[in-house]
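Have a look at the structure below before the remarks.
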Amino acid sequence: MMRFLHMRNTAARTLILFLATLMLSSCRKVTRKEIIGYQGPARQDPFLAAERFLQKQRQGARVVNRLTDLAMHRGPLIASSQSFINYGDADTVLEWAGGGGHLILFLDGAERWHNDWQEPGFFGHLKSHRREAEEMKLLDALGISGHGPDGDSFSNAEEKRTARVGGTTITAALAGTFDATDDAAHADVLFGDRETPALASFPLGDGRVTVLANAHPFRNRWIGEHDHAALLAALVDLGQRGEVWFLNGARISFWKMLWERGWMALAALAVFFLAWLWKNLPRFGPLRTPPAEAVRDFTAHLALTGAFLWRQREPDTLLQPLRNTVFAAATRLGWHAKDRDFSAKLAARSGLAEARVNVALATTGIRERNHFLRITQDLRKIADALRAKTTIA
């Protein structure tokens with residue numbers, strides 16, 4: 001017996017070892033590379049690489065949040081057109097640029113909240129933000145139009161272009177175009193067509209303005225491609241030398257941010273709201289006053305209730321109140337339903353046969369109308385004989 005148990009345990013161990021070996025031999029290691037994008041400061045600042053490049057190669061760079069000290073600034077100012085929303089911002093920056101400053105203006109693509117490593121999704125293809133009055137004032141003064149939701153010529157397609165900037169031939173992948181008129185149409189540095197360029201740099205008074213349709217080449221993900229870094233350095237060198245300011249002001253509307261970040265939750269909430277409306281608003285149109293004949297007295301309501309219970313095959317529910325009335329009247333006389341001669345007493349008092357009394361008190365599940373009516377009449381007659389109220393107590 002012990003030998004048999006030992007052999008069985010050995011066989012079980014062998015089988016387990018074989019199965020484990022078989023499972024391990026069928027496994028294979030799969031390596032998948034997944035790009036999740038930048039984390040930390042580079043995720044929050046899309047121009048961090050450009051800032052560090054200028055800090056190392058030129059006169060320094062930093063991020064500013066307002067234009068309060070702009071009059072004392074001598075280096076280039078890199079900003080998004082969305083940054084100019086406060087009254088007077090356009091006049092301030094135009095006066096500064098005309099007095100010798102260099103404004104490098106992005107018309108689109110400078111949002112700090114956008115993750116360049118993620119697909120824009122369905123809502124990313126919606127129209128651009130609605131331009132504020134101050135922003136439109138600045139663009140009109142610079143001769144820029146056809147950009148944004150009202151500009152038919154605006155395109156966000158990326159195209160590789162080559163041009164000379166400050167004596168250096170530079171190749172860059174630029175996204176978007178805009179309509180150029182006035183001074184912008186006579187730019188001395190141009191990428192693309194003169195009427196619809198992707199980048200145009202032109203003098204303004206004693207200073208200079210450079211306009212890019214999209215900030216794409218200077219964002220962290222793409223600044224290392226082609227000659228993007230060299231293009232940034234060449235543009236900075238077109239103006240006065242000094243510390244480069246990046247104006248932190250590109251904004252996004254609250255609703256577009258909701259669509260971009262929480263569209264799944266909003267879609268679920270909308271479906272829930274529609275279901276709630278469908279449940280709680282079954283009617284279509286205004287409420288109407290009910291007709292006069294629709295008002296019923298209490299007897300009519302009782303009749304409707306009785307008809308409903310009869311249709312639902314609940315005759316016992318209709319007969320039980322009458323039976324309760326009979327039992328209550330008999331109790332007042334000192335008679336009890338458990339007495340052996342209870343039925344005989346009721347029969348003698350009402351003048352009915354004892355068999356009919358028993359049927360009236362005990363029959364259930366009645367389906368025939370005449371039978372139901374006869375039992376109802378018998379119960380009323382018994383109740384009247386006992387001098388009880390015939391209405392339901």
Side-chain angles (χ1 to χ4, degrees), residues 122-123 254-255 257-259 261-393:
F122 173 77
F123 297 103
F254 175 73
W255 293 109
M257 182 174 64
L258 282 181
W259 280 128
R261 296 297 181 183
W263 67 269
M264 289 185 289
L266 290 178
L269 183 61
V271 171
F272 174 79
F273 180 69
L274 291 176
W276 181 85
L277 287 178
W278 177 79
K279 174 181 177 296
N280 292 279
L281 300 176
R283 62 180 176 85
F284 298 92
L287 289 173
R288 296 188 304 173
T289 304
E293 58 270 15
V295 180
R296 302 183 180 93
D297 58 13
F298 183 67
T299 304
H301 281 287
L302 287 179
L304 291 174
T305 302
F308 171 78
L309 291 175
W310 179 260
R311 289 195 302 270
Q312 297 299 319
R313 297 188 176 184
E314 294 289 341
D316 298 338
T317 304
L318 293 171
L319 293 175
Q320 192 59 44
L322 289 174
R323 289 169 177 167
N324 291 340
T325 301
V326 171
F327 292 142
T331 301
R332 286 195 292 270
L333 295 175
W335 303 345
H336 300 283
K338 294 182 180 181
D339 296 341
R340 291 184 179 182
D341 57 348
F342 181 70
S343 299
K345 291 178 180 179
L346 294 181
R349 189 67 173 260
S350 62
L352 298 174
E354 186 175 349
R356 290 183 62 177
V357 172
N358 289 331
V359 169
L361 294 179
T363 303
T364 59
I366 303 170
R367 295 292 181 267
E368 206 275 325
R369 290 178 178 269
N370 291 332
H371 189 195
F372 178 80
L373 179 60
R374 184 170 61 252
I375 290 178
T376 303
Q377 292 173 345
D378 290 346
L379 289 173
R380 285 183 174 274
K381 188 173 183 179
I382 295 172
D384 290 340
L386 297 175
R387 297 182 179 180
K389 294 181 180 179
T390 56
T391 56
I392 300 174

Output for pair (L361 CG, L346 CG), nearest 0.5 Å, gives 6.0 Å
With side-chain contact (heavy atoms from CB on, under 4.5 Å) as the criterion, how do L269 and F273 come out once you've worked through the C-alpha distance, each side chain's angles and the decisive distance to 0.1 Å? CA-CA 6 Å; L269 183 61; F273 180 69; 5.6 Å; no
Would you indicate whether the side-chain heavy atoms of T363 and H371 approach each other to under 4.5 Å? yes
When you measure from the side chain of D384 to the backbone of K381, do you find a donor-acceptor pair of N or O atoms at a distance under 3.5 Å? no
Atom CZ in R356, atom OG in S350: separation rounded to 0.5 Å? 9.0 Å
Is R369 close to L373 at the side-chain level, that is, under 4.5 Å between some pair of heavy atoms? no
Hey, are the side chains of R349 and L333 touching, using non-hydrogen atoms and a 4.5 Å cut-off? yes
Atom pair CG (L379) and CZ (R374), whose distance is rounded to the nearest 0.5 Å: 12.0 Å
Any V357 side-chain heavy atom under 4.5 Å of F342 side chain: no
Below 4.5 Å, heavy atoms only, C-beta onward: do D341 and W335 meet side chain to side chain? no
Are side-chain N/O atoms of T364 and D316 paired as donor and acceptor at under 3.5 Å? no
Side-chain contact, heavy-atom cut-off 4.5 Å: R311 with F308? yes
Within-4.5 Å side-chain heavy-atom neighbours: I375 and L322: no
Between G365 and P315, which heavy-atom pair has the shortest distance, and what is it? C-CG, 4.5 Å
Considering all heavy atoms of both residues, which atom of D378 and which atom of A360 are nearest to each other, and what is their separation? CB-CB, 4.2 Å
For the pair E368 (side chain) and N370 (backbone), establish whether a donor and an acceptor sit closer than 3.5 Å, ignoring hydrogens and angles. yes
Close side-chain approach of R380 to T325, heavy-atom, < 4.5 Å: no
